[in-house]
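Data first, discussion second: the structure below is written as structure tokens.
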Amino acid sequence: MPEFAAWVESTPISRALFGMSWLWPACESLHFIGLCMLIGGAGLLDLRLMGMFRGLPIRHIRAMMPWAIGGFFINAATGTLFLIMQPHLYLSSAVWWSKVAFIGVAAANALFFETRLALPALTMEPDADTPTAMKVVGACSLFSWFAVLYCGRMLPYLGTGN
Amino acid sequence: MAIFRSLQDGAFTEWFLGSESIWTYPTVLTLHTVGMAILVGASFVIHLRILQVAGAIPLRRLLPLYRFIWIGFAINLLSGLILFATEAADRIADPVFYVKMVSIAAALWLGGVVKRRVIVRPSAPEATTLASRSMAAASLALWATAIVAGRLMAYLKTTR
């Protein structure tokens, strides 16, 4: 992995991107904006699945999901740029791999919801309480996304050996 | 100005930034990000709905989201005051800091106006007016400005 990181860093594209001094802060800003879109949209659905916001029909909240998914893709794109610019910072970090793992958990959880629970959820009465399975899925999603945020923000400080 | 210098160079700052513990600067910084996610995330949801580009959630049902705006704001006011204290002399002379503060104040104020006009009105019409939509769009733009300004501030300081 260190060899791979060194190779990526030696490529002209990595050098050119990292050479643009404005690109890193610009990507950071977009990464934060994408984070707000993702947590805002997905968080509302998660809380409703957990039984809060009764009276809010789940099918209406689901119409918000393109914004949350858009936020995710903004962050995947800017995150990929960080990775190309400074691969050793991330590939050698257990905290970064934990972040990737939590993204995997959140994605698997969302896929499980879409394939197994979305249909009954969409036809639920606006005021109805949610079954336990939906509460668990909502809590798992909310926890995973905040864990992703935590790992990302703490990456420079956790497990640096000091 | 001397008070800001003494805050930035004081014993608290030395302990807070010099500590090897993850529970001082890193945790407060992360709390500031968590608060942002809650505050701006809730604000995004409300204002995108008012702009009529995010489905048809009944507007009045968005009311409980304002609780999250205030929870996020409280977290960020507290964590922000701590972070400010440790960089007080730098920040008080930093135009970008004022851009961030003015953006936040304006975004909250516009958000309040939109809430009174669109969300809490007992007979709230489901279709929002052009004026309300303009204010919602401005509020979104102001939050984005505050985030960009906040990020840039990290590049404009003399403490670590």
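Chain A is the first sequence line, chain B the second, and so forth, proteins listed ahead of strands; every chain is numbered from 1. Scope of the values below: all heavy atoms of this structure, side chains included, with no hydrogens, waters or symmetry mates. Just so you know, these numbers come straight off a predicted model, no measurement behind them.
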What do the steps show when you test B:T129 against B:S132 for side chain to side chain donor-acceptor pair (under 3.5 Å), and what is the final call?
CA-CA 5 Å; B:T129 62; B:S132 306; 2.9 Å; yes
Of the backbone (N, CA, C, O) and the side chain (C-beta and beyond), which part of [X] lies under 4.5 Å from a heavy atom of chain B, both, or neither?
| X | result |
| --- | --- |
| A:M65 | neither |
| A:L47 | side chain |
| A:R54 | backbone |
| A:L149 | side chain |
| A:F32 | both |
| A:P57 | side chain |

Going from CG on B:L51 to CZ on B:F44, what distance comes out if it is rounded to the nearest 0.5 angstrom?
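Atom-to-atom, B:L51:CG and B:F44:CZ are 11.0 Å apart.
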Flag the pair A:W24 / A:F82 as yes when their ring centroid distance falls below 6.0 Å, and as no otherwise.
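Yes, ring centres under 6.0 Å apart.
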Heavy-atom contact with chain A under 4.5 Å, split by part of B:L63:
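For B:L63, there is no contact with chain A at all, as no heavy atom is under 4.5 Å.
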Side chain, backbone, both or neither: which part of B:I22 has a heavy atom under 4.5 Å from chain A?
both
Closest-packed option against chain B by number of heavy-atom pairs under 4.5 Å, given A:A42, A:G152, A:C36:
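With the most close heavy-atom pairs to chain B, the winner is A:C36.
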